[in-house]
Each structure stands twice: as C-alpha cells, then as structure tokens.
Amino acid sequence: MSDTPRLTELDIVAHSNSSRADYITKAVSADEAWVYIADDCIAGYAVINRSFFSRVTIEMLLIDTKHRRSGIGTMLLRHLEEICDSDELWTSTNLSNTPMQRLLMKLEYEMAGFVNNLDPGDPELVFYKKLSMPR
Ligand SMILES: CC(C)(COP(=O)(O)OP(=O)(O)OC[C@H]1O[C@@H](n2cnc3c(N)ncnc32)[C@H](O)[C@@H]1OP(=O)(O)O)[C@@H](O)C(=O)NCCC(=O)NCCS
C-alpha cells in the first residue's frame, strides 16, 4: 500500500480523476498491481486480473513519461506473461494508442476484435496472446 501515492503521482489521469486514484488503491489492495523499479523509484505499473469475460487480462500498463521507450513496458508485459496462470492473456487499447499497439504487436499479441462506443470515435481494440507455457 505504501506504493500507492507514487502510482497516483506517475499516473497523470489520477491527478484530476478521483476514480482513477480509487482504481489504483483497489488494484494494489487486491494484489493485482505490479511495479517496475528503476533507480529506487517506481517507473511504471501494470494491473492484471480477470476483468474481461473472466479471462486473465492486463487491465492497465503505464510507464512514467520520462522512462518511456526504454524497454520498461516490454519488461512488465513479459513479467505478466511469466506469472500468468492461464495459457492465454488478454488486453485492450484504443485505436488512437499507437505506442501500445506497436508494443503488443512486437510481443506477438494478436488482435481479437474491437468494441465501438466506449470512447466516442475511438474504438477499443482487443488483443490476446496464446502462451506456450502457462505457470
Ligand atoms: C504504451 C506504453 C506502456 C509503452 O511503454 P514503453 O516502456 O515506452 O514501451 P517500450 O520501451 O517497452 O517499447 C517497446 C516497443 O513498443 C513500441 N513503442 C513504444 N512507444 C512507442 C511510441 N511512442 N511510438 C511508436 N512505437 C512505440 C515500439 O515498437 C517499441 O520498440 P522499439 O523502441 O524497439 O521501437 C507507454 O507509452 C505508456 O505508458 N503510455 C501511456 C499509458 C497507455 O497508453 N497504456 C496502454 C493502455 S492501458
């Protein structure tokens, strides 16, 4: 729980949106959050749970702006694949989020479909990856 203030600091959405701050607190309380530590400071976090049709799902992945494009998102995703207790892993991102889509394609996630009308004019793309060695 002591990590929660730092997660709220690095996730700028939480600065102006109390429901994101509550989301972070709940994810940490539920042991669903993982952090990446660089130089003794949290540089990114991810949340994994079963929120999508009860499938193991990466619900959140966020890297501190000054640490982006240094491989941390890749390392966090790979860690979640290692601890995943299923042979498949699901996630989603907006059509407008090119960085996340490129990261997912690089790690060989496949697009499974899309959902309209969650964010106006910006469909949610759903991705999944078949894992060869579930834990
Ligand atoms: C998407 C995000 C998690 C990527 O994290 P990251 O640590 O910067 O990613 P990595 O450094 O591991 O990048 C791996 C690959 O992803 C792709 N990528 C990452 N950022 C990119 C960008 N800005 N533009 C294009 N491709 C990008 C590239 O293919 C990159 O490989 P390369 O650097 O060898 O070209 C990060 O930009 C972020 O936190 N964004 C805001 C939150 C968000 O949108 N989360 C996802 C939805 S929940």
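In listed order, ligands and their atoms are each counted from 1.
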* To do: Kindly determine whether Y45 and V47 satisfy side-chain contact (heavy atoms from CB on, under 4.5 Å), including the steps that lead there.
  => CA-CA 7 Å; Y45 82 103; V47 174; 3.8 Å; yes
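- Between N49 and S51, the side chains place a donor N or O and an acceptor N or O closer than 3.5 Å (distance only, hydrogens not considered).
- Contact residues for ligand 1 (protein heavy atom closer than 4.0 angstrom to any ligand atom): L61, L62, I63, R68, R69, S70, G71, I72, G73, T74, T93, N97, P99, M100, R102, L103, K106.
- Pairs passing the side chain to side chain donor-acceptor pair (under 3.5 Å) check and including a residue from residues 100-117, sequence neighbours excluded, read E81-Y109.
- Residue-environment remark: CD1 (I37) exceeds the threshold of 12 foreign heavy atoms within 6.0 Å.
- Looking at Y23 and N17, their side chains never bring a donor and an acceptor atom within 3.5 Å of each other.
- With a 6.0 Å radius and a threshold of 12 heavy atoms from other residues, nucleotides or ligands, M105 has its CE atom at or below the threshold.
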